[in-house]
Protein chains: 4
Amino acid sequence: MVEGSPLRADAQRNRARILDAAEAVFAEFGARASTEEVARRAGVAIGTVFRHFPTKNDLLAAIMKRLLAQLVEEAGKHDLFAFFTHVVAQAAAKKTAVDLLAESGVDIRLSEAVSHLEEAVSSLLKQAQAAEAVADSVQLPEVMALLASVCQGALHGGWGEHLQARTLAVIFAGLKQVGQGGCRG
Amino acid sequence: MVEGSPLRADAQRNRARILDAAEAVFAEFGARASTEEVARRAGVAIGTVFRHFPTKNDLLAAIMKRLLAQLVEEAGKHDLFAFFTHVVAQAAAKKTAVDLLAESGVDIRLSEAVSHLEEAVSSLLKQAQAAEAVADSVQLPEVMALLASVCQGALHGGWGEHLQARTLAVIFAGLKQVGQGGCRG
Amino acid sequence: MVEGSPLRADAQRNRARILDAAEAVFAEFGARASTEEVARRAGVAIGTVFRHFPTKNDLLAAIMKRLLAQLVEEAGKHDLFAFFTHVVAQAAAKKTAVDLLAESGVDIRLSEAVSHLEEAVSSLLKQAQAAEAVADSVQLPEVMALLASVCQGALHGGWGEHLQARTLAVIFAGLKQVGQGGCRG
Amino acid sequence: MVEGSPLRADAQRNRARILDAAEAVFAEFGARASTEEVARRAGVAIGTVFRHFPTKNDLLAAIMKRLLAQLVEEAGKHDLFAFFTHVVAQAAAKKTAVDLLAESGVDIRLSEAVSHLEEAVSSLLKQAQAAEAVADSVQLPEVMALLASVCQGALHGGWGEHLQARTLAVIFAGLKQVGQGGCRG
DNA sequence: AATGAATGAGAATTCATTCAT
DNA sequence: GATGAATGAATTCTCATTCAT
């Protein structure tokens, strides 16, 4: 992966400030928020934003990439259930850009970052299955799907902690016992 | 609720065509799609759309309302699991407006339509619990939350049928066995 | 002047209601108010307005015509000073359409109605001069100009009664003594 | 009052061109004239107008403010009568925006600029009274009212120079002798 | 590299006017 | 004659993107 020449110190700093501002702004107003507002929040001029991210999509993609990288890091610190819980809580709290990216027309190549996350979750899944906390029949795709679904649900639904816990409890029970047709029934 | 005078036949027809067009257009392009495109698709002039729905939000709200009413109708024909499956499949297939409404700033009063849906699902839930297909400890809020989450997941994630089935299987197992801590463990 | 066939009773009634509504609406919102609002206020459909007044300008012209006719009638009941006072008070109170007509692009042929008013005022002026209440050098044009000016001033300025009285006092004094260079100075 | 950072030279130039164009356009077509026309006349793109004046009202308000400031400046060069004459002549000649602002719904905070003008006129009034050219009983409010009235009259009425002079003569005589009830009568 | 003004296509919304019923 | 839905041009305002400084 070519990163070009290393950024000058101030450019590096600006890039980070822009990403932080963008995450906050898009979380607050949705992907419709203007790039101008991001620049204002970051304390830089609009031109600087476009120098770092040639299009708005590039900016959204960069946010997403960073977010996924953070998730990978989190995955290393938890078991599958704790990870799920943590991520869902984060989604609601930080109003992550996750869903925004799915919106109209945002075309993003994130496969690399996504596959890192999938690897991390896959590893958690294997551990959980080794510990018999998750049924052996469960595969990675549905785990990812459930994770994404519940994050978006939490994000859009504005769930409280209690509802979050109850919803996750259903999913955790399902992950453990799916395919067993109930205890004996 | 005042409905005003009944619409003239042609106006009634246009209203329906606009709603159909809007559902299709917003499904295809997201809520950012222009009202102009909706008019074009409906085969009417832009002014006609705005006569029927004074703002774009009114149009989105009307779509949502109709969608929820359709869901209530579906609920009457299925048990809880079939309903879940059906709705999720629909979400992916029809790319319903569900999620679009959660987007940026769309302010909608839909409580009535939503509570109808909740009643319908509540009734399905009770049946399923009576049939011992769902654990007694499960409550309506988490069922609604799971439904919404999985719909959005399916919608954004572009799941295939197979993944849909596997994901739902986890949730169904969870609904049945949550709170039992496994068969005997 | 051809008036066409006499209007049907209901048409006659509608015409009057539309004029009343239009006067009120344009007074309240300015000439920018929509013809639709006028129709609503008059309790008729938009098409009816356009049947009576083929364009919006025709409607504005009709209001103006009626207003001027009313002024002519008033002129018959007062002396020049009372007339001035009365008209200015009316202008502020009824927020007449006077000024609205001067607005952008409204093209109106009102010469006939205007000349009636001028005749009426001319007559008042002659009486006042005969009574030595107005200097002989004063001519009709400046009286009309002052009348129009002060009406618009009152209308736009939102004068209270007191300011109205003081302003008119200056003008009345001027009408009496212009050309005398003061008492002796 | 925060003025922000000083504008770049080109922005400053554009701002002035836009104001000039707007004054001319609104004078010619009324406040209904489109912002697009203003941009065209100013030789800038529509976006540039909106960058300088976020809404059309802001643009109208800015014109008004500049106009009032010019009047204050004029006031310093004349006595009360010359000022009156000058302003009325200007009103007719330049078709100032004065009246346009009173139109439909234009909401403007101009108190500061207005009070500057009032101070200037107040000063002229005192001088004139000291010179016994205006009766002591005359107060500022009616002077302002007469000024505004006559400007609007001149503007809407399309007076010629001669009528202007005769109308002002009445007002000047009134200002001198009001309250004296005629020479002796 | 950063700045921030200029650009101009595009979107929502309004409204006079027409026309089928 | 009345009705009121349909029309579509015009208008205000937004925003991603470019470019001179």
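Chain letters run A, B, ... following the sequence lines, proteins first, then strands; residues in each count from 1. This one's a predicted model, so the numbers in the text were calculated from it and none came from an experiment.
Put simply, CZ on B/F53 is 11 Å from P on F/dA6, counting in whole angstrom units. The CZ-C1' distance, from A/R15 to E/dA1, rounds to 15 Å in whole Å. Atoms CZ (B/R40) and C1' (F/dT7) sit 15 Å apart, rounded to a whole Å. If you take CG of A/L59 and C1' of F/dC15, they are 14 Å apart, rounded to a whole angstrom. One interatomic measurement links the two molecules: CD1 of D/I18 to P of E/dA5, which rounds to 12 Å at whole-angstrom precision.
A salt bridge (Lys or Arg N to Asp or Glu O under 4.0 Å) check over residues 38-56 of chain A, counting only residues at least two apart or in different chains, returns the pairs A/E28-A/R41, A/E37-A/R40, A/E37-A/R41.
Taking 4.0 angstrom as the limit, C/N14 places none of its side-chain polar atoms (N or O) nearer than this to OP1 or OP2 of F/dG1. The phosphate of E/dA5 (OP1 or OP2) has no side-chain N or O of D/T48 nearer than 4.0 angstrom. Regarding contacts with the backbone of F/dA6, a side-chain N or O of B/H52 is found under 4.0 angstrom from either OP1 or OP2.
The side-chain contact (heavy atoms from CB on, under 4.5 Å) check on B/I46 picks up B/T35, B/E36, B/A39, B/F50, with sequence neighbours excluded. With sequence neighbours excluded, the residues satisfying side chain to side chain donor-acceptor pair (under 3.5 Å) with C/T55 are C/D58. The side-chain contact (heavy atoms from CB on, under 4.5 Å) check on B/D10 picks up B/R8, B/R13, with sequence neighbours excluded.
With values rounded to the nearest 0.5 angstrom, D/M64 atom CE is found 6.5 Å from D/L67 atom CG. Atom CZ of residue C/R66 and atom CG of residue C/L19 lie 5.0 Å apart, to the nearest 0.5 angstrom.
For B/R51, the side-chain atoms get nearest to F/dA5 when compared with the rest of F/dA5, F/dA2, E/dA5.
Of all the heavy atoms in B/E23 and B/I63, the pair that sits closest is N-CD1, 3.8 Å.
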Q: Starting at the 5' end of nucleotides 11-21 of chain E, put B wherever the base has a protein heavy atom under 4.0 Å, S where only the sugar-phosphate does, and a dash everywhere else.
A: SSBBSSBB---
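No side-chain heavy atom of D/R15 sits under 4.5 Å from any side-chain heavy atom of D/V44. In this structure, the side chains of A/V38 and A/F26 come closer than 4.5 Å at one or more pairs of heavy atoms.
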Q | For DNA chain E, the dot-bracket pattern of Watson-Crick and G-U pairs whose distances stay under 3.5 Å, | for other-strand partners | A | .||||||||||||||||||||
